[in-house]
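Being a predicted model, the structure only gives us computed values, none of them experimental.
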Amino acid sequence: MPIPSAHNSLLNLLQFVRIVDAGSFAEAARRAGTSTSAMSKAVSRFEALHGVKLLHRTTRAISLTHDGEKLLDGARNLLRQAERLEADIGEAAASSSAGRVRLAAPGPFLRACIAPMLPAILKANPSLELEIKVDDTGLDLAAEGIDVAIRFGDLSGQPGLIARRLGTFPYVLAATPKYLEFMGTPKSPADLESHHQIGYRDAANGQLLPWLFCDNSGTGAVTRMVPRNRIVVEDMTVAWAMTLRGLGMSWLPAWCSAKEVHSGRAVEVLKDWRMQETPAYAVQLDRKQVPQRTRDLVNLMALRAKNWVYS
């Protein structure tokens, strides 16, 4: 059901208060866990709808117009009432395990790690309604209404979030035993030139993922190589499926290959050349109240994280 225009107008007015109190669009966006553009558009929509101008904007500062000054006090009162109501709702929801949780994660990770967990998640909380969203581009949690998302690596460029570290995983080079029997087992990255390489291209940025190896015997030197483009795919789980068919070697997160390496269906190669492991986080918007159902889901994922990798 679409939100009535009056409700949209009220939401936009509340964003105006947040911008004034923060002193800038960027700081208001950081506090709200959204984008500067979203904040700017909220004010512009209100101004266009009502034929008023709330703010004078320059590249360095904002200031109130005459109409903005007239509306500010009333809008602040509305915001305080909305925040009190939100707190009351949050306290009630925080103690409940029932309801919907929106979970977002990269597609390959959802298939390799989250899907096998679903029976345990639903069994642990029969009242949970789980909505899963594929997130291969780093979605805006506030704009998309996402409760918790799985993110990897450095989070410094993602303000307004709180993160729980679930664990770490290495990127590993692997192939099937039959492939290695036929092609030979490489002893160093230099030996990979004579092997079939299955590459992965990140669909979000169009970049081919380079293979990285660290000389852990003492020098710590890093070898970087770009796989040949004979076989390149934009889905890690597809790249891994091709690897299991014996089409070549692939360098992928350990959670792609853990099950098959553990069973012996695949073999890790150049294990002594592994790079430093990559951290995995469950991230949420920085809010005062987090529903019990969301906390329960994050706790369960943390307990199962050890199954995503292998030593």
Side chains of S24 and I19: does their closest heavy-atom pair fall under 4.5 Å? no

Could you go step by step and tell me if R57 and S40 meet the side chain to side chain donor-acceptor pair (under 3.5 Å) rule? CA-CA 10 Å; R57 316 181 199 191; S40 178; 3.1 Å; yes

In Å and rounded to the nearest 0.5 Å, what is the OG to CG distance from S35 to D140? 5.5 Å

Is any side-chain heavy atom of D286 closer than 4.5 Å to a side-chain heavy atom of L161? no

Using the ring-ring contact (aromatic ring centres under 6.0 Å, His included) definition, which of the options F169, Y171, Y281 pairs with F152? F169

Just so I know, are the side chains of L130 and R100 near enough to count as touching, which here means a heavy-atom distance under 4.5 Å? no

I want to check something: taking the side chain as every heavy atom from C-beta on, are V233 and R201 in contact at a cut-off of under 4.5 Å? no

Would W240 and S250 count as a side-chain contact (heavy atoms from CB on, under 4.5 Å) if you check the C-alpha gap in whole Å, the side-chain angles of each, and the deciding distance to 0.1 Å? CA-CA 7 Å; W240 182 239; S250 59; 3.6 Å; yes

Is the closest basic N to carboxylate O distance between R31 and D21 below 4.0 Å? no

For residues V172 and S257, report the shortest heavy-atom separation together with the two atoms involved. CG2-OG, 3.6 Å

Heavy-atom count around K53 NZ within 6.0 Å, excluding the residue itself: above 12? yes

Mark yes when over 12 heavy atoms from residues, nucleotides or ligands other than Q276 sit less than 6.0 Å from its CD; otherwise mark no. no

Can you tell me how far the CD atom of Q15 sits from the CG atom of L13, to the nearest 0.5 Å? 10.0 Å

Is there side-chain contact between K70 and D67, with at least one heavy-atom pair below 4.5 Å? yes

Non-hydrogen side-chain atoms of T137 and L139 separated by less than 4.5 Å: yes

Any salt bridge linking R18 with E27? Criterion: basic side-chain nitrogen under 4.0 Å from a carboxylate oxygen. no

Using the rule that Ile, Leu, Val, Met, Phe, Trp and Tyr join whenever any side-chain heavy atoms are under 4.5 Å apart, tell me whether W251 and M249 fall into a single cluster. yes

Group every Ile, Leu, Val, Met, Phe, Trp and Tyr by side-chain heavy-atom contacts under 4.5 Å, then state whether L173 and V226 land in the same group. no

Please check if V261 and M242 belong to a single hydrophobic cluster, counting links between Ile, Leu, Val, Met, Phe, Trp and Tyr side chain heavy atoms closer than 4.5 Å. no

Step by step, would you call Y179 with H196 a side chain to side chain donor-acceptor pair (under 3.5 Å)? CA-CA 10 Å; Y179 172 89; H196 303 305; 5.2 Å; no

With a 3.5 Å distance limit and no angle check, can you tell me whether N125 reaches the backbone of L122 through a side-chain donor-acceptor pair? no

Between D215 (side chain) and A221 (backbone), is there a donor-acceptor pair under 3.5 Å? no

Looking at every non-hydrogen atom in both residues, tell me the closest pair between L252 and A239 and how far apart they are. CD1-CB, 4.2 Å

Looking at every heavy atom in both A75 and V17, which two are closest together, and how far apart are they? CB-CG2, 3.3 Å

Spell out, yes or no, whether L303 and M117 are grouped together once hydrophobic residues are joined by side-chain heavy atoms under 4.5 Å, including indirect joins. no

With side-chain contact (heavy atoms from CB on, under 4.5 Å) as the criterion, how do L128 and D296 come out once you've worked through the C-alpha distance, each side chain's angles and the decisive distance to 0.1 Å? CA-CA 10 Å; L128 177 67; D296 289 345; over 6 Å; no

d(R228 CZ, M225 CE) to nearest 0.5 Å is 7.0 Å

Could you tell me whether the side chain of R274 and the main chain of N216 form a donor-acceptor pair under 3.5 Å? no

For P106 and D136 the tightest heavy-atom approach is CA-OD1, 3.3 Å

Membership question, hydrophobic clusters at under 4.5 Å side-chain separation (ILVMFWY): are F46 and L10 in the same one? yes

Please assess R304 against N299 for the test side chain to side chain donor-acceptor pair (under 3.5 Å), listing each intermediate value before the final yes or no. CA-CA 9 Å; R304 294 298 184 97; N299 288 338; over 6 Å; no

Begin from the C-alpha positions of R76 and V20 and carry the test side-chain contact (heavy atoms from CB on, under 4.5 Å) through to its verdict. CA-CA 10 Å; R76 275 197 174 124; V20 173; 4.1 Å; yes

Nearest 0.5 Å, please: how far is OG in S44 from CG in L55? 9.5 Å

May I have the step-by-step check of side-chain contact (heavy atoms from CB on, under 4.5 Å) for R151 and D135, ending in yes or no? CA-CA 9 Å; R151 299 277 167 86; D135 179 12; 3.3 Å; yes

Short side-chain to backbone donor-acceptor contact, D202 and G206, under 3.5 Å: no

Looking at every heavy atom in both G153 and T278, which two are closest together, and how far apart are they? N-CG2, 3.6 Å

Of all heavy-atom pairs between A142 and T34, which one has the smallest distance, and what is that distance? CB-CB, 4.3 Å

Close side-chain approach of V269 and L180, heavy atoms under 4.5 Å: yes

Please check this pair: side chain of T65 against backbone of L54, looking for a donor-acceptor N/O pair closer than 3.5 Å. yes

dist L103:CG -> D147:CG (nearest 0.5 Å) comes out at 9.0 Å

Sidechain N-carboxylate O distance under 4.0 Å for R165, E277: no

Donor-acceptor contact below 3.5 Å, side chain R102 vs main chain A149: no

In Å, rounded to the nearest 0.5 Å, how long is the span from NE2 of H56 to CG of L64? 8.5 Å

Does the side chain of L192 come within less than 4.5 Å of W211's, by heavy atoms? yes

